[in-house]
Structures are given as structure tokens and as C-alpha cells.
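In what follows, every chain begins at residue 1, and chains take the letters A, B, ... in the order their sequences are listed. Predicted model only: the values in this text are computed from it and were never measured.
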Amino acid sequence: MSYKSLRIVPDRCTGCMQCELACSWVQTGTFQPSRSVIRVHVFDEQASYAPYTCFQCKEAWCMSACPVNAITIHRDTGAKVVLEATCVGCSLCAIACPFGTIFWDPVKHKAFKCNLCGGDPACAKACPTAAILYEEMETPDWVEPWASKVTERLVLVQGAPGSPSGAL
Amino acid sequence: MPTRHMVVGGGPAGIFAIETIREVDPGASITLVSDEPPYSRMVLPYHIAGQIPEAHVYTGDTAYWERLGVTAVTGRRVTAIEPDRGRLVVSDGSSVPFDELLLATGSSPVQPDIPGARGERVYNLWTLADAQRTLRVLDRVNGRVIGGVNGGRKARVVFIGAGFIGFIVLNALAKIGCALEVVELEGQILPRMLDPEAAGLGRRWLETRGIGVHTGVRAVEIGDADGGKTVRLSSGATLRSELVVMAIGVRPNVDLARSAGLRVDHGIVVDHHLRTSTGHVYAAGDCAQGPDLSTGGLAVHAIQPTAVEHGRVAGANMAGRPTRYAGSLSMNILDVVGLQCASFGLWRGDGRETTVVTNPGRPVYRKLVWEGDRVVGAILLGPAEDVALLNDLGMVKGLIQTQVSLGPWARELKANPMDVRRAFVAAGTPAALLDRTLLGRRLDAQRYRFEDRVPQHAAERAAQVLEQIKLDPTRGKGGGTREASNVVPD
């Protein structure tokens with residue numbers, strides 16, 4: 001079965017952070033980017049921005065690491081969902097997930113992650129530049145093509161005389 | 001005739017093996033023999049702290065075994081395995097035949113050989129039975145302990161051993177208000193998880209919270225006095241308490257394997273398919289010494305994530321789906337009374353290039369260990385509320401697990417080890433991970449466990465978002481359509 005996935009188009013992202021605000025509002029009821037489960041990675045020196053959140057990966061490292069089965073797969077969306085009442089906050093999922101997309105809520109002392117807002121992701125709705133799309137497709141790897149470009153540009157920056165990086 | 005699978009031990013390795021066998025081979029016969037009821041040892045401290053009821057710690061019940069089609073024999077031990085004859089002997093004298101056998105016998109606390117170590121109110125806090133006993137004692141000793149008041153005084157507990165297991169229990173007892181002291185033979189706390197500098201920050205964190213730390217000393221005798229316990233130290237000092245917790249370490253349960261002539265080193269030696277030295281016999285979890293992802297050698301990694309991975313890979317192989325395991329990654333995370341400590345892989349460094357950031361006042365400590373442009377180990381320490389710390393944990397694990405070459409990003413990350421996120425993403429680490437699965441296929445919903453549940457509130461709040469963060473309808477083309485004005489052509 002194929003589910004919709006969040007597809008991110010970094011080249012369209014302006015770094016406005018509306019996704020983080022929308023996410024924290026839906027997930028926690030506060031406008032608090034530090035409790036958002038989508039984070040914009042900022043490459044200001046290249047004027048490049050990469051929103052980043054859970055890929056809902058095939059392996060679900062978080063789900064098998066959980067000692068109390070507090071993470072399960074949502075029937076309708078395929079999202080890996082933390083059952084808050086079951087989670088004890090041990091953080092094993094946070095060290096097991098190699099994508100770095102499991103968070104630990106400093107208020108509730110529980111794990112939390114992207115649950116695709118139950119099938120209506122707030123980040124995609126809030127993005128004013130259509131840099132975050134919610135489409136039917138296999139787990140998309142949007143990182144690779146973009147990563148190659150920023151890495152090429154970094155090499156140029158590092159090689160430039162007088163640049164902060166170049167001076168290292 | 002269906003293949004007869006036998007699993008010894010109902011911890012996470014055994015349970016995940018059973019689930020995987022059932023997924024791969026719906027017709028297989030599966031028997032579990034376990035001396036304890038299946039529960040999650042990892043969460044016992046949360047039960048001790050009163051955060052979860054006892055029911056929450058169990059991982060299997062009758063209905064679960066029925067759904068899985070497992071014959072579960074609990075409360076009995078396996079006394080011998082006879083791989084040549086394809087059978088094992090249970091403590092009630094019965095013998096049970098098998099075609100494929102998994103040893104998931106776990107580990108047991110090391111008992112120090114000091115006078116009084118087996119006395120009253122000296123506990124390991126390793127099993128559910130230990131936890132139940134401790135709660136009863138705390139209840140009695142502690143003046144109806146909730147709140148930790150003992151005749152106007154906090155109930156006192158002395159820990160012998162300042163390792164991972166000691167601290168996870170210590171953290172629970174701190175939450176219910178006990179007065180705590182820790183005794184450690186080595187010169188620092190958490191010697192198998194933190195380097196001396198990080199351990200020093202941890203020690204100060206404990207001391208400023210009123211927890212006594214005694215390192216470089218040996219407990220030489222445990223006695224009874226004035227209705228409580230005494231712990232005499234090699235320094236000559238004597239500590240007094242109501243309870244003593246023994247936590248000097250655990251060792252793999254290898255007796256069954258050794259008696260049957262299987263190859264045993266620190267643990268039961270297994271290959272990349274979790275096979276022991278004897279045909280049709282597998283081992284998984286705390287009792288197994290298997291491939292180490294970081295060193296390429298063999299190691300016992302007595303941690304929950306390794307138990308789960310071992311169990312799944314062993315289960316797939318037993319059920320006839322050949323599956324190679326790359327190896328387990330040594331990793332630990334621990335909340336030390338609000339200080340989050342984590343370490344991964346080759347965190348000791350051992351002469352490799354390291355980059356360290358430290359802010360002792362906060363305190364924050366981060367160490368990355370390098371081989372060229374790859375991160376091979378790390379220590380992260382900081383206050384639990386430090387969201388940034390935890391946000392990086394997974395990425396650091398991802399870098400170590402994938403061994404991604406960071407290329408030019410290595411220089412950036414070495415210059416600023418706190419900026420893991422940019423290097424992680426820009427080096428394309430997610431691409432290296434996306435198709436990587438333990439069993440070479442998508443992990444299905446755990447059919448035999450919970451019904452999927454819809455996260456409450458999320459759907460309703462999502463519906464409100466556009467109202468709350470309303471886009472200016474004049475901004476995009478066509479007034480409010482999703483088409484944006486600054487879209488770069490793909």
C-alpha cells in the first residue's frame with residue numbers, strides 16, 4: 001500500500017519558518033518552534049534552506065526500539081505515531097532513529113515525532129512557497145540532489161581566500 | 001510437518017524473534033520457555049518511580065500468545081539443551097523437541113563477593129520480582145514512602161556500582177524522594193559510558209543535587225545496625241541507609257550453552273546470521289556475543305536495541321529467510337537526575353582525532369571521535385531540557401551507523417561540533433539510510449499488538465491552522481492557490 005508522503009523542495013524554501021510555527025501549534029498547542037517536529041536547516045551563507053522532518057522510513061527504527069510498544073503505524077496515513085499515554089519517555093527511540101527526527105518533549109517528558117497531523121499536515125498547509133508538498137508516492141529522497149548542490153558550493157566557499165571557512 | 005521453533009527466554013530478543021518467525025512462516029510451530037513472565041526490564045525504573053502501573057511493564061499475555069499461535073511455558077526454566085538430539089529439558093522434567101532453537105537467556109547481575117552482600121534489604125533491582133520486593137520494602141521502611149519521608153527524613157539508599165543500571169534505578173528513587181549515595185570502585189562514575197571529563201561534569205551535577213558520590217573506593221562489608229543497613233568502604237568511612245542496591249554490572253547467561261558445548265567467550269559466540277557454533281542453534285540479545293558494527297569484531301552489547309535487532313534477524317534466519325546482520329552499535333542514553341548523557345560507538349577515542357565542545361557551567365559536553373572525514377564515536381551530555389541536545393542524538397547515531405564520508409562538511413563539523421544538523425543533511429546521510437532495513441523489507445505494523453490509534457487533537461488542530469496562520473490571499477498567483485510566486489522550476 002502506498003501512502004502520501006511529505007515531499008520537500010528545498011529550492012523553494014525561503015527560511016520563513018512558518019512550517020515550524022504551524023507544526024508546534026498542531027502538535028503542542030503553542031507557537032514554539034523548539035517543540036516543532038519539522039526543523040528548517042539553515043544554510044544562510046548559500047541562501048539555501050532545507051525543511052527536514054521524519055521520512056516515515058520503511059525500517060521505523062523508533063518503533064522497534066521502543067520497550068513498551070508506544071510507537072505504532074497509523075492505519076490511514078502510514079505515519080509512525082507515538083502513543084503518548086503509553087510512552088514512558090526513556091529516549092531509546094531518540095538514539096535509535098538515525099535520521100534524528102525523534103524528539104523529546106521537555107514539558108511532557110515524552111517522545112514526540114511527526115505524525116503527519118493525522119493526514120492533513122500543517123507544515124504543508126502553512127508553507128507559502130509550496131516547498132512542502134503532501135503527495136502520494138513512495139518515501140521520497142529529496143535530500144540527495146539538493147545535498148550535492150550545497151556541498152559543491154561549500155567546496156567553492158572553503159576554497160575562497162579570506163572566507164571564514166577558508167581561513168580555518 | 002511444520003518446523004518446530006523453540007525460544008528460550010521471553011525478553012525483547014525472544015519476543016521479537018517470535019514475531020518475526022510468525023511473520024515469515026505463518027504455519028510454523030513456536031514454543032517459548034521463560035522462567036519469568038515477559039516484561040520490559042527497561043521500564044521497571046518507571047514503575048518503581050510510580051509513573052506507570054505494573055500492568056504497563058508486561059509485553060505478552062495469554063491473548064497475545066493466542067493471536068501469535070505460540071505455546072508459552074512460563075515460570076519454568078530450561079535445565080539442559082541437547083542440540084544433537086534436537087530437544088531440551090525443562091525444570092519440570094519434561095523434554096521438548098525442536099528443529100530450530102533460539103537462546104535468548106539474557107544476563108544476570110554480578111554478585112560481589114563481600115560479607116553481607118546477600119543480607120536483608122540488599123537488592124539488585126534487575127528483575128520484576130526485585131522491583132516488587134523493593135517497592136514493598138520502601139513502603140514499609142520508608143514510613144509509607146510516597147514522598148520519601150521516613151519519620152520526617154528521606155529514606156536513604158546506597159548504590160554499590162555507578163554504572164548504567166545503577167543510575168537508571170537511582171534516577172527512579174530520586175524521583176520518589178530518596179536520599180542517595182553512590183559507591184564506585186573506579187575513579188569516575190559511568191566508566192563504561194563516559195570519559196573522565198564528562199563523568200566529572202556528571203559528578204558535580206549529582207553533588208549539587210545532594211547525591212553523595214564516592215569513587216575509587218570499594219565496599220568491603222555490608223551490615224545491619226539500628227534497624228538499617230551499613231556499608232563500610234575501603235576508605236574507612238561507613239555509609240548508613242535503609243536499603244542497598246547492588247549494581248556493579250551484569251554478565252551474560254551462558255551456562256546452558258556452555259554445558260551443551262557451544263562456543264562461549266564473554267557471551268555465546270554468534271556469526272552474522274546469529275548462528276552459534278552448533279547447527280540449528282541461534283543466540284540473541286544480552287547473552288549473545290555478535291558482530292560489532294564499529295570494530296568489526298565480536299562484542300556483547302547488552303542493550304535493548306541490540307536485543308531487538310538480534311531477535312528479528314535470528315527469527316528471520318530460523319524461519320528460513322537468510323538475513324545477514326551488519327552488526328550492533330554500542331550506544332547508551334541515561335537521564336542522571338535531569339542530566340542527559342549519551343554515548344555511541346568508539347566514544348573513548350583511543351588515540352583517534354577528537355573534537356570537543358564543553359561549557360562546564362551549563363553543563364554541556366560534546367565529543368566527536370573521527371576517522372578521517374567519518375564520525376566513529378560520540379559523547380553528548382547536557383541538561384535534559386536542552387532540546388537541541390536531543391535533537392542531535394539521532395543524527396549523531398546516523399552518522400556513526402552509516403559511516404557516511406562527510407567530505408568538505410567534516411571540516412565544518414570539526415570547527416563547530418555543535419552544528420551536526422547541517423553536516424548531516426548536506427552530506428546526504430538520509431539517502432544512505434532510506435533504503436536500509438534490517439530484514440530487507442518494510443517493517444509492517446505490529447499486527448499482534450495494538451490496534452492503530454489516531455493521535456488525538458492533531459487532526460482538529462490541523463484544520464485550524466490555515467485560520468491561525470492565514471496566508472495573504474493576494475500574495476500567490478490566483479488568490480490563495482497552492483501555486484507560489486517564487487517557485488524555482490524543477
Contacts of B:Asp435 that satisfy salt bridge (charged side-chain N to carboxylate O under 4.0 Å, His left out) - sequence neighbours left out: A:Lys58
B:Tyr39, part contacting chain A, at a heavy-atom distance under 4.5 Å: neither
Interface residue of largest heavy-atom contact number with chain B, from A:Ala96, A:Pro145, A:Ala65, under 4.5 Å: A:Ala96
Considering all heavy atoms, the nearest A:Val150-B:Ala426 contact: CG2-CB, 3.8 Å
Heavy-atom pair with the smallest gap, counting every atom of A:Arg39 and B:Asn391: NH1-ND2, 3.3 Å
Which portion of B:Val425 sits near chain A, non-hydrogen atoms under 4.5 angstrom: both
Portion of A:Val107 that has a non-hydrogen atom of chain B nearer than 4.5 angstrom: neither
Interchain contact, B:Phe344 with chain A, by part (heavy-atom threshold 4.5 Å): side chain
Closest contact, heavy atoms only, B:Leu438 versus A:Glu59: N-OE1, 3.0 Å
Spacing of B:Arg436 atom CZ and A:Cys57 atom SG [to the nearest 0.5 Å]: 12.0 Å
Contacting region of B:Ile52 [heavy-atom separation from chain A under 4.5 Å]: side chain
Between B:Gly428, B:Ser40, B:Pro305, B:Pro430, the one whose heavy-atom pairs under 4.5 Å with chain A are most numerous: B:Pro430
Residue pairs passing the ring pair (Phe, Tyr, Trp, His ring centres under 6.0 Å) test where at least one lies in residues 393-412 of chain B, sequence neighbours excluded: A:Phe43-B:Trp409
Check: B:Val43 and A:Cys90 side chains under 4.5 Å, non-hydrogen atoms: no
Reported SG-to-CD1 distance for the pair A:Cys93 and B:Ile333, which is rounded to 0.5 angstrom: 9.0 Å
CD1 on A:Ile95 to CG on B:Asn332, rounded to 0.5 Å: 6.5 Å
Derivation of the side chain to side chain contact (heavy atoms under 4.5 Å, CB included) call for B:Gln51 and A:Val88: CA-CA 8 Å; B:Gln51 291 174 273; A:Val88 296; over 6 Å; no
Shortest non-hydrogen separation from B:Glu385 to A:Trp104 and the atoms involved: N-CZ3, 4.3 Å
Minimum heavy-atom distance between A:Val155 and B:Pro408, given as atom pair plus value: CG2-CG, 3.6 Å
Shortest non-hydrogen contact between B:Arg312 and A:Ser64, atoms and distance: NH1-OG, 3.8 Å
Sidechain-backbone polar pair: B:Thr59 side chain, A:Val68 backbone, donor-acceptor under 3.5 Å: no
Working for side chain to side chain contact (heavy atoms under 4.5 Å, CB included), residues B:His56 and A:Thr86: CA-CA 8 Å; B:His56 204 128; A:Thr86 309; 3.8 Å; yes
From B:Gln340 atom CD to A:Ser91 atom OG, the distance as rounded to the nearest 0.5 Å: 4.5 Å
Check: B:Gln401 side chain, A:Pro98 main-chain N or O, donor-acceptor pair, under 3.5 Å: no
B:Pro12, part contacting chain A, at a heavy-atom distance under 4.5 Å: neither
Flag side-chain contact, heavy atom, 4.5 Å: B:Met395 against A:Tyr52: yes
Exam field: side chain B:Arg422 to backbone A:His41, donor-acceptor pair closer than 3.5 Å: no
